[in-house]
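Let me begin by presenting the structure, written as structure tokens, before commenting on it.
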Amino acid sequence: MIENSKKLFERAQRTIPGGVNSPVRAFKSVGGTPLFMERAAGAYMYDADDNRYIDYINSWGPMILGHAYPAVVEAIQEKAALSTSFGAPTELEIEMAELIVSMSPNVDMVRMVSSGTEACMSALRLARGYTGRNKFIKFEGCYHGHADAFLVKAGSGVATFNIQTVPGVTAGVSMDTLTAPYNDLAAVQQLVADNAGEIAAIIIEPVAGNMGCIVPQPGFMQGLRDICDREGIVFIFDEVMTGFRLSAGGAQHSLGINADLVTYGKVIGGGMPVGAFGGKRAIMQHIAPLGNVYQAGTLSGNPLAMIAGFTMLTTLKKNPGIYIELEEKTAYLHSGLHRVFSNGDQPFVINRFGSMISIHFSDKPVTNFAAAASANNAYFNQFFHAMLAEGIYLPPSAYETWFISAALSIDDIDHTVAAAERFVLATKK
Ligand code: KE4
């Protein structure tokens with residue numbers, strides 16, 4: 001029974017485009033009424049009709065420790081009483097920068113912003129200002145936020161809604177955006193050869209999460225690193241999703257690959273609007289007011305966002321066992337899902353890296369966007385709704401990774417697998 005969500009959705013659509021403040025929330029590709037949530041705690045969210053859901057979205061990544069994590073909530077409550085923003089520098093911002101530098105490989109300096117989009121667009125501008133070059137390479141199905149230059153063959157909602165060219169993104173902007181299939185090093189080598197001396201950056205999701213979870217194949221990431229070294233191209237790791245999730249050192253640590261610039265979001269803010277970009281001093285010193293690559297933000301580094309992020313990152317840094325727990329819980333989920341879908345008649349692959357996981361109803365490996373797009377995504381949509389009816393809230397798109405939180409219990413995972421098993425049996429021909 002979701003009568004209140006239905007009423008709220010109808011009302012929301014009168015004053016908010018599509019009734020949501022971010023398209024992926026609209027259930028547009030899976031169909032049905034998006035659920036309006038009222039509260040959440042730990043692994044569970046409760047909708048406007050007081051239905052409880054086991055949450056595998058976790059605000060698209062930030063809630064790595066579960067919802068309403070007490071230390072984060074208390075820190076925000078305390079800080080709010082001292083003003084919610086100054087628009088002036090504070091010691092807390094220095095502490096946050098020092099913490100990020102201590103956790104992130106190859107990051108000597110960091111600039112706070114208010115979203116992953118801001119982080120990625122700023123990092124690209126910096127790479128262009130630093131190299132004096134205009135073009136950059138992104139990968140089909142990767143999503144780096146909604147800044148114009150990135151909305152070319154992008155993942156997440158752009159892929160979910162199959163938007164081939166985004167109105168409003170001009171040819172003048174997209175002409176400098178070069179794209180290659182994920183895991184296709186030869187395609188990148190060809191782009192570099194065809195645009196010699198003109199490419200400022202290669203930006204990548206080091207473990208992709210916006211076309212489902214796509215894992216880099218052996219040699220791919222090192223191959224990109226070698227190209228960047230040879231050609232003087234800035235290698236940008238978009239770690240908005242992987243940062244502080246795969247490990248304290250993010251994908252750079254987990255993959256053992258050094259990036260030149262790294263972008264962050266999601267986990268870094270503990271649910272508050274926070275993004276960041278950072279990297280080697282030689283590059284970061286070009287950012288205003290030190291250098292002339294202008295970048296700014298009224299609420300960048302504001303005290304509430306900083307204290308939420310600082311509390312979250314400090315908790316993760318002090319408890320590295322959380323990452324082992326996340327990995328073990330995700331592996332347990334993986335093996336359970338593999339067992340039940342192996343008894344079905346739909347081909348499938350499960351992609352997983354650390355606590356990032358997705359299932360694709362495909363009879364071939366899913367190593368790039370084209371393979372994700374050619375999977376039986378209609379069956380995924382059926383699966384989504386069957387799980388939702390059992391109180392399990394998966395990302396409403398086959399082009400999203402599932403986000404695991406440390407608050408998930410083994411019972412929650414057992415319930416998830418049992419619900420998947422009932423779906424498999426119900427759809428078996
Ligand atoms: P935001 O501007 O949404 O904070 O971050 C953009 C972004 C950048 N880079 C990566 C790798 C990302 O995954 C994202 C945002 N991810 C989507 C979920 N796939 C956010 C959900 C939404 O758009 O509402």
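Atoms within a ligand are numbered from 1 in the order they appear, just like the ligands themselves.
Remark: E3 engages K6 in a salt bridge, criterion side-chain N to carboxylate O under 4.0 Å.
In summary, the side chains of S29 and Y399 do not present any donor paired with an acceptor at a separation below 3.5 Å, with no hydrogens or angles considered. Under the 3.5 Å distance criterion, with hydrogens and angles disregarded, a donor-acceptor pair is assigned to the side chains of T416 and Y56.
Ring centers of F369 and F139: at least 6.0 Å apart, outside the cut-off.
Sorted by chain and number, the heavy-atom contacts of ligand 1 below 4.0 Å come from S22, V24, W60, S115, G116, T117, Y143, H144, G145, S156, E205, N210, D238, V240, M241, K266, E400.
Cation-pi geometry between K28 and F161 is met: the NZ or CZ atom falls under 6.0 Å from the ring centre, inside 45° of the normal.
Taking every heavy atom of both residues into account, K317 and P320 meet most closely at O-CD, 3.6 Å.
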